[in-house]
Amino acid sequence: VQLQASGGGLVQAGGSLRLSCAASGRTISNYVMGWFRQRPGNEREFVAAISRRGGNSGYADSVKGRFTISRNIAENTVYLQMNSLQDVDTAVYYCAADRRNSVTSYVTEAASYEYWGQGTQVTVSS
(Lines give C-alpha, C1' and ligand atoms only; values in the text may rest on other atoms or scores of the structure.)
Protein backbone atom coordinates (compact mmCIF):
# COMPACT_ATOMS: atom_id res chain seq x y z
CA VAL A 1 0.00 0.00 0.00
CA GLN A 2 1.17 3.53 -0.76
CA LEU A 3 0.24 6.40 1.54
CA GLN A 4 0.03 10.10 0.73
CA ALA A 5 -0.46 12.54 3.61
CA SER A 6 -1.74 16.06 3.06
CA GLY A 7 -3.55 18.89 4.80
CA GLY A 8 -0.79 20.38 6.89
CA GLY A 9 -0.15 24.07 7.11
CA LEU A 10 0.18 27.11 9.33
CA VAL A 11 -2.58 27.75 11.86
CA GLN A 12 -2.98 29.95 14.90
CA ALA A 13 -3.20 28.45 18.35
CA GLY A 14 -6.75 27.38 19.07
CA GLY A 15 -7.44 26.70 15.43
CA SER A 16 -8.17 23.49 13.56
CA LEU A 17 -6.75 21.44 10.72
CA ARG A 18 -7.77 18.21 9.09
CA LEU A 19 -5.06 15.92 7.79
CA SER A 20 -5.77 13.35 5.11
CA CYS A 21 -3.96 10.13 4.29
CA ALA A 22 -4.91 8.76 0.89
CA ALA A 23 -4.05 5.12 0.35
CA SER A 24 -3.54 3.37 -2.96
CA GLY A 25 -2.72 -0.14 -3.96
CA ARG A 26 -4.81 -1.85 -1.30
CA THR A 27 -7.85 -1.03 0.77
CA ILE A 28 -7.25 0.49 4.18
CA SER A 29 -9.61 -2.07 5.73
CA ASN A 30 -6.69 -4.50 5.49
CA TYR A 31 -4.61 -2.37 7.87
CA VAL A 32 -4.49 -0.77 11.23
CA MET A 33 -4.01 2.90 10.35
CA GLY A 34 -2.09 5.31 12.52
CA TRP A 35 -0.90 8.86 12.76
CA PHE A 36 2.45 9.77 14.24
CA ARG A 37 4.34 13.02 14.56
CA GLN A 38 7.91 14.13 14.94
CA ARG A 39 8.80 17.40 16.55
CA PRO A 40 12.23 18.97 15.97
CA GLY A 41 14.88 17.17 17.99
CA ASN A 42 12.43 14.51 19.14
CA GLU A 43 11.70 10.96 18.18
CA ARG A 44 8.60 10.02 16.25
CA GLU A 45 5.66 9.67 18.61
CA PHE A 46 2.26 8.08 18.46
CA VAL A 47 -0.75 10.33 17.95
CA ALA A 48 -3.74 8.17 17.04
CA ALA A 49 -4.69 4.84 15.52
CA ILE A 50 -7.80 3.06 14.30
CA SER A 51 -8.47 -0.66 13.99
CA ARG A 52 -9.07 -2.52 10.75
CA ARG A 53 -12.79 -2.71 11.37
CA GLY A 54 -12.86 0.92 12.43
CA GLY A 55 -14.63 0.28 15.71
CA ASN A 56 -11.68 0.89 18.00
CA SER A 57 -9.35 3.83 18.15
CA GLY A 58 -6.73 5.14 20.51
CA TYR A 59 -5.00 8.43 21.20
CA ALA A 60 -1.94 9.79 22.89
CA ASP A 61 -2.83 11.45 26.18
CA SER A 62 -1.55 14.77 24.83
CA VAL A 63 -4.17 14.88 22.07
CA LYS A 64 -7.08 13.06 23.68
CA GLY A 65 -10.25 15.11 23.45
CA ARG A 66 -8.78 17.39 20.78
CA PHE A 67 -7.91 15.07 17.89
CA THR A 68 -10.15 12.54 16.15
CA ILE A 69 -9.10 9.80 13.76
CA SER A 70 -11.60 8.57 11.20
CA ARG A 71 -11.68 6.86 7.87
CA ASN A 72 -13.70 6.67 4.69
CA ILE A 73 -13.48 3.24 3.09
CA ALA A 74 -15.05 4.39 -0.18
CA GLU A 75 -12.37 7.07 -0.51
CA ASN A 76 -9.68 4.77 0.92
CA THR A 77 -8.61 7.66 3.11
CA VAL A 78 -7.87 8.17 6.80
CA TYR A 79 -8.33 11.54 8.45
CA LEU A 80 -7.01 13.25 11.53
CA GLN A 81 -9.19 16.12 12.70
CA MET A 82 -7.16 18.37 14.95
CA ASN A 83 -8.96 20.96 17.08
CA SER A 84 -7.77 23.38 19.75
CA LEU A 85 -4.29 23.25 18.33
CA GLN A 86 -1.41 24.28 20.56
CA ASP A 87 2.14 25.31 19.71
CA VAL A 88 3.36 21.96 21.10
CA ASP A 89 1.45 20.28 18.26
CA THR A 90 3.90 21.75 15.75
CA ALA A 91 5.49 18.76 14.02
CA VAL A 92 5.72 16.74 10.85
CA TYR A 93 2.77 14.37 10.84
CA TYR A 94 3.00 10.94 9.27
CA CYS A 95 0.36 8.37 8.47
CA ALA A 96 1.20 4.70 8.64
CA ALA A 97 -0.31 1.29 7.99
CA ASP A 98 0.15 -1.92 9.92
CA ARG A 99 -0.87 -5.20 8.37
CA ARG A 100 -2.24 -7.52 11.03
CA ASN A 101 -4.88 -10.20 11.36
CA SER A 102 -6.86 -8.68 14.20
CA VAL A 103 -9.76 -6.51 13.04
CA THR A 104 -10.44 -4.99 16.45
CA SER A 105 -7.06 -4.01 17.83
CA TYR A 106 -4.77 -1.09 17.11
CA VAL A 107 -1.11 -0.46 17.86
CA THR A 108 0.76 2.52 19.22
CA GLU A 109 4.35 1.47 18.50
CA ALA A 110 5.90 2.97 15.41
CA ALA A 111 8.05 -0.11 14.89
CA SER A 112 4.94 -2.18 14.23
CA TYR A 113 3.95 -0.19 11.15
CA GLU A 114 5.31 -1.43 7.84
CA TYR A 115 4.16 1.36 5.54
CA TRP A 116 4.61 5.10 5.90
CA GLY A 117 3.55 8.22 4.08
CA GLN A 118 5.91 11.10 3.38
CA GLY A 119 4.76 13.44 6.16
CA THR A 120 3.01 16.79 6.21
CA GLN A 121 4.15 19.80 8.21
CA VAL A 122 1.83 21.33 10.81
CA THR A 123 2.92 24.63 12.33
CA VAL A 124 0.92 26.24 15.13
CA SER A 125 1.69 29.86 15.90
CA SER A 126 0.98 31.25 19.35
Side-chain angles (χ1 to χ4, degrees):
V1 65
Q2 293 79 44
L3 305 174
Q4 179 77 32
S6 62
L10 175 64
V11 63
Q12 288 190 329
S16 299
L17 278 176
R18 188 178 78 157
L19 304 184
S20 299
C21 176
S24 60
R26 295 202 69 183
T27 177
I28 58 174
S29 60
N30 290 325
Y31 303 91
V32 170
M33 300 299 296
W35 285 97
F36 291 77
R37 67 185 182 187
Q38 189 164 16
R39 291 178 277 192
N42 288 21
E43 294 185 353
R44 197 167 296 189
E45 63 178 359
F46 170 74
V47 175
I50 189 166
S51 63
R52 281 183 57 190
R53 189 168 285 171
N56 294 314
S57 58
Y59 299 89
D61 288 343
S62 59
V63 307
K64 206 170 290 184
R66 300 188 297 123
F67 291 11
T68 303
I69 188 170
S70 64
R71 61 180 200 164
N72 185 315
I73 297 297
E75 295 180 356
N76 215 29
T77 300
V78 178
Y79 301 98
L80 184 68
Q81 178 66 44
M82 306 186 295
N83 299 329
S84 302
L85 283 162
Q86 305 165 0
D87 52 2
V88 294
D89 295 318
T90 294
V92 177
Y93 284 73
Y94 299 88
C95 62
D98 171 41
R99 186 179 55 194
R100 58 185 47 234
N101 291 330
S102 170
V103 296
T104 58
S105 65
Y106 58 86
V107 290
T108 62
E109 296 80 22
S112 296
Y113 288 79
E114 298 96 341
Y115 306 97
W116 292 83
Q118 84 290 3
T120 184
Q121 175 71 48
V122 172
T123 303
V124 183
S125 64
S126 55

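Position 1 is the first residue of the sequence, and the numbers go up from there.
- No donor-acceptor pair under 3.5 Å is formed between the side chain of Ser112 and the backbone N or O of Ala110.
- Judged by distance alone, with hydrogens and angles left aside, the side-chain atoms of Asp87 form no donor-acceptor pair with the main-chain N or O of Ser126 at under 3.5 Å.
- Remark: side-chain polar atoms of Arg100 are not paired, donor with acceptor, to backbone N or O of Val32 under 3.5 angstrom.
- Judged by distance alone, the side chain of Tyr93 and the main-chain N or O of Gln38 form no donor-acceptor pair under 3.5 Å.
- Judged by distance alone, with hydrogens and angles left aside, the side-chain atoms of Arg37 form no donor-acceptor pair with the main-chain N or O of Val122 at under 3.5 Å.
- With sequence neighbours left out, Arg99 forms a salt bridge (charged side-chain N to carboxylate O under 4.0 Å, His left out) with no residue at all.
- Of the possible polar contacts, one joining the Tyr113 side chain to the Val107 backbone as a donor-acceptor pair under 3.5 Å is found.
- Side-chain atoms of Arg26 do not come within 3.5 Å of backbone N or O of Val1 as any donor-acceptor pair.
- Using modelled atom types, no side-chain atom of Arg66 and backbone atom of Met82 make a donor-acceptor pair closer than 3.5 Å.
- A cation-pi contact links Arg44 to Tyr94, judged by a cut-off of 6.0 Å to the six-membered ring centre and 45° from its axis.
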Inset, instruction - Any chance you could lay out the side chain to side chain contact (heavy atoms under 4.5 Å, CB included) test for Arg71 and Ile28, step after step, and finish with the verdict? - result: CA-CA 9 Å; Arg71 61 180 200 164; Ile28 58 174; 3.9 Å; yes
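- Aromatic ring centres of Trp35 and Phe67: separated by at least 6.0 Å.
- Salt bridge Arg39/Asp89: absent, no basic N to carboxylate O contact under 4.0 Å.
- Considering every non-hydrogen atom in both Cys21 and Met33, the closest pair reads SG-CE, 4.3 Å.
- The closest donor-acceptor contact from the side chain of Asn72 to the backbone of Val78 lies at 3.5 Å or more, if one exists at all.
- In this view, Thr104 and Arg53, Asn56, Ser102 satisfy the side-chain contact (heavy atoms from CB on, under 4.5 Å) rule, not counting sequence neighbours.
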Could you tabulate the donor-acceptor pairs under 3.5 Å formed by side-chain atoms of residues 3-17, not counting sequence neighbours?
unit_1 : atom_1 : unit_2 : atom_2 : d
Ser16  : OG     : Asn83  : OD1    : 2.9

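- Between the CD atom of Gln2 and the CD atom of Gln118 there is a distance of 12.0 Å, given to the nearest 0.5 Å.
- The side-chain heavy atoms of Tyr115 and Asp98, taken from C-beta on, include no pair separated by under 4.5 Å.
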